[in-house]
2 protein chains.
Amino acid sequence: MSIAEVTDSRRYHHGDLRRALLEAAMVIIERDGPNALTLRAVAREAGVSPAAPYHHFKDKSELLYAVAKEGFHRLKAAMGSVVVPISTHAMGVAYVGFAHANPALYRVMYDCARSREMIPDSEAEEEGGIKLLRESLIEASCGTISDIDLELAVIAAWCAAHGLAEISTFPQFQPLKDALGGEQAFLRAVFEHLGYTHGLGQTNA
Amino acid sequence: MSIAEVTDSRRYHHGDLRRALLEAAMVIIERDGPNALTLRAVAREAGVSPAAPYHHFKDKSELLYAVAKEGFHRLKAAMGSVVVPISTHAMGVAYVGFAHANPALYRVMYDCARSREMIPDSEAEEEGGIKLLRESLIEASCGTISDIDLELAVIAAWCAAHGLAEISTFPQFQPLKDALGGEQAFLRAVFEHLGYTHGLGQTNA
DNA sequence: TGTACATCAGTGAACGCGCGTTCACTGATGTAC
DNA sequence: TGTACATCAGTGAACGCGCGTTCACTGATGTAC
């Protein structure tokens, strides 16, 4: 439920329109697709005039930035909330789970991260999840891993998670999912194939 | 060089406008980004009136389909042209190379593949690369791999390639690339971390 | 406590723009005789 | 080979639309006295 619905939305002054606009943007992205994310649509969704957002965002691109930043923030939160013992595998599952729960937002986040320098703030959020991943890999190796191997392991795990997040939703995999006994078993099996059974990226054989 | 440039583009009748429109669309996507891909822009790029494309595509979405299909066709060609002996690793490098050479097209292809049922034709093209990958995995296992393990290996390899294709371009990896001695060494190292040293997805340890 | 007033966060009308698409048209092409 | 004509693949003007953004405005809020 958005803040606009919680508080009395008929008030002239909204209360926290900035937050409400971000929520509205999330709704629109997931409901109507990233291309439907216009400033006017966001204002409409938040129940506010088309000019109102300009009191909170310089222009459309700044809203987009903020949406991506919020997305990375939530992704980091999802990854950080896995139950102990933290494993790379569990974090990968959380990562993929987030991407599947918010597929369109996930696309917007990465389009944003790829297409331009993130503002420092957003970069920090984006880095947040990576930091958690790195820590889990250090822990799993008992701190013996070299810097270069660690970075390679981070990237490898990130690639695996990103690939799985985007590709495993394709309908053509449904037969295999059924054969393996469901989505979770399917994800586990693919992670195993990629070397994440024990929560550590495999080192060179 | 587009066909429009090769032939006399001042002719009233174009010759192969459909092809020229696809080429123009590719140019626009890579030069101006996927959001700049409008029917009018494509016509403009091809040097033709805004109504001309309607003699070759029912509407804008049909042009988009055709672009994605052509993209998958080229991706398949890139994967198929790796030198013998064919290895999963070599095909992965070809895949990532294609994605890096045509980043925006690559996004359009996957957005298209994800957002709707591809028309049968396009699905065949999309499947093309997967088929090559599957064959390389069968060959590498000397035909002893089970059906389920084979499909898992296909998906794992596909995820790794897709993840690497989209993530390895992030600027934050530049230091590591430099430390490893360049883009190629970097890609090889990450592939190794993911178990593709010998051209076969690792089986469960 | 009550009042004047500056500030803030909204409104709603308007702008210019590029878009997808349609339409009547026209020039080029190829075929029948 | 030459001509009439159907067909095809273009043109260019026009349409309605939703967009991002601006602007003068106004209602609500909070603070100084």
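Chain naming here is simple, since letters A, B, ... match the order of the sequence lines and numbering starts at 1 in each.
- Within the 3.5 Å criterion, the main-chain N or O of B/A25 finds no donor-acceptor partner in the side chain of B/E45.
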Checklist entry - In B/S/- notation, 5' to 3', how is nucleotides 13-19 of chain C contacted by protein heavy atoms closer than 4.0 Å? => result -B----B

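- In this structure, the side chain of A/D59 engages the main chain of A/E62 through a donor-acceptor pair within 3.5 Å.
- Each of B/D59 and B/H55 lies near DNA chain C, and the nucleotide nearest B/D59 is the one positioned closer to the 5' end.
- Between B/F170 and A/Y110, the ring planes lie parallel to each other; the angle is under 30°, not in the 30° to 60° tilted range.
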Checklist entry - Dot-bracket, DNA chain C: Watson-Crick or G-U, under 3.5 angstrom, [ ] crossing, | other strand? => result .||||||||||||||||||||||||||||||||

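- In this structure the side chain of A/H89 never reaches within 4.5 angstrom of the side chain of A/E192, judged on heavy atoms.
- A distance-only check finds a donor-acceptor pair linking the side chain of B/Y196 to the backbone of B/A157 [under 3.5 Å].
- Closest approach of B/M26 and B/V67 over heavy atoms only: CE-O, 3.9 Å.
- The CG atom of B/L63 sits 11 Å away from the P atom of C/dT21 (whole-angstrom rounding).
- Between the side chain of A/K177 and the backbone N or O of A/S168, at least one donor-acceptor pair lies under 3.5 Å.
- The distance from atom OH of A/Y54 to atom C1' of D/dG20 is 4 Å, rounded to the nearest whole Å.
- Residue B/F57 contributes atom CZ, which lies 16 Å from atom C1' of C/dT21 at whole-angstrom precision.
- The aromatic rings of A/Y95 and A/Y106 sit perpendicular to each other, their planes meeting at more than 60°, with 30° as the lower class boundary.
- The nearest whole Å value for the distance from the CG atom in A/L64 to the P atom in D/dT21 is 11 Å.
- A/H56 has its NE2 atom 16 Å from the P atom of D/dT21, to the nearest Å.
- Taking atom CG on B/N35 and atom C1' on D/dG20, their separation rounds to 14 Å, with Å as the unit.
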